[in-house]
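Heads up: the structure comes next, in structure tokens.
Numbers restart at 1 for each chain; the letters A, B, ... are given by sequence-line order, proteins then strands.
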Amino acid sequence: DAGITQSPRYKITETGRQVTLMCHQTWSHSYMFWYRQDLGHGLRLIYYSAAADITDKGEVPDGYVVSRSKTENFPLTLESATRSQTSVYFCASLGLAGGQETQYFGPGTRLLVL
Amino acid sequence: DQQVKQNSPSLSVQEGRISILNCDYTNSMFDYFLWYKKYPAEGPTFLISISSIKDKNEDGRFTVFLNKSAKHLSLHIVPSQPGDSAVYFCAARDRGSTLGRLYFGRGTQLTVWP
């Protein structure tokens with residue numbers, strides 16, 4: 001599928017388990033981002049990546065790990081899930097719209113940590 | 001510390017009338033502003049943007065106004081349609097920060113009723 005996809009779309013896990021959320025884009029965009037959306041907080045940046053093997057922390061990186069071995073993939077791993085990580089996670093990549101940069105978002109992964 | 005603020009969590013408007021969504025920001029380094037629309041169970045989609053060198057940008061029923069002295073922007077939707085019912089996020093780019101990084105407000109839920 002063209003565009004940006006995320007998997008799984010829904011995930012239930014238990015506290016302490018490791019979980020990996022996948023993100024794949026077909027545009028070969030260099031920049032990619034991970035956000036979480038929580039009620040009352042809007043979209044908060046977790047990590048971002050400027051290119052393969054280049055990543056950096058955003059506003060709320062604690063408890064998360066990312067990797068970027070290939071340009072098109074940007075997985076997000078919760079090493080030991082906690083209830084506070086229950087959220088909706090969005091992946092995005094940076095492209096052009098009307099000559100200006102904008103971020104294109106995936107459909108999201110809804111994660112529930114029990 | 002929220003650099004982009006949407007102080008109205010919700011707005012209800014009758015079909016055919018104007019919807020005005022507001023956004024305030026605190027960072028004078030922001031040079032580019034965007035509005036995203038989000039339907040339930042989907043990722044945010046880009047709607048319209050404006051550069052800080054302009055004070056107005058129009059695209060069909062959507063117009064964004066920027067008042068730099070007041071650090072305020074607004075999105076006008078005329079006429080409003082039931083399909084416009086969604087969460088609207090205001091976002092801003094800091095010209096001094098990482099390429100493509102955006103700062104988001106908490107969103108405003110717009111409901112357009114028949």
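Within a 6.0 Å sphere centred on CG of A:L39, other residues, nucleotides and ligands contribute 12 heavy atoms or fewer. Other residues, nucleotides and ligands place no more than 12 heavy atoms under 6.0 Å from the CD atom of A:E14. Residue B:R17 places its CZ atom among 12 or fewer non-hydrogen atoms of other residues, nucleotides or ligands, all under 6.0 Å distant. Within a 6.0 Å sphere centred on CD1 of A:I54, heavy atoms belonging to other residues, nucleotides or ligands number more than 12. Within 6.0 Å of CZ on B:R61 lie more than 12 heavy atoms contributed by other residues, nucleotides or ligands. In the displayed structure, A:K57 atom NZ is contacted under 6.0 Å by at most 12 heavy atoms of other residues, nucleotides or ligands.
Checked by atom type and distance alone, the side chain of B:R93 never pairs as donor or acceptor with a backbone atom of A:E101 at under 3.5 Å. B:Y36 contributes no side-chain N or O that, together with a main-chain N or O of A:F105, makes up a donor-acceptor pair within less than 3.5 Å.
Once rounded to the nearest 0.5 Å, the distance linking CZ of B:R101 with CG of A:L94 reads 13.5 Å. One finds the OH atom of A:Y35 at 5.0 Å from the CG atom of B:L102 (value rounded to the nearest 0.5 Å).
By the 4.5 Å heavy-atom criterion applied to side chains, B:P44 and A:L43 are counted as neighbours.
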Practice task
Give the C-alpha distance, both sets of side-chain angles, the deciding distance and a yes or no for side-chain contact (heavy atoms from CB on, under 4.5 Å) between B:K38 and A:F90.
Solution key: CA-CA 12 Å; B:K38 185 185 176 307; A:F90 291 101; 3.3 Å; yes
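Linking Ile, Leu, Val, Met, Phe, Trp and Tyr residues whenever their side-chain heavy atoms come within less than 4.5 Å leaves B:L34 and B:I48 in two separate clusters.
Interface remark: A:R44 contributes no atoms to any contact with chain B (heavy atom separation under 4.5 Å). Heavy atoms of A:E59 lying under 4.5 Å from chain B belong to its backbone as well as its side chain. Only the side chain of A:L45 comes within less than 4.5 Å of a heavy atom in chain B; its backbone stays farther off.
If you tally non-hydrogen atom pairs under 4.5 Å between each of B:F46, B:Y32, B:Y103, B:F89 and chain A, the highest count goes to B:Y32.
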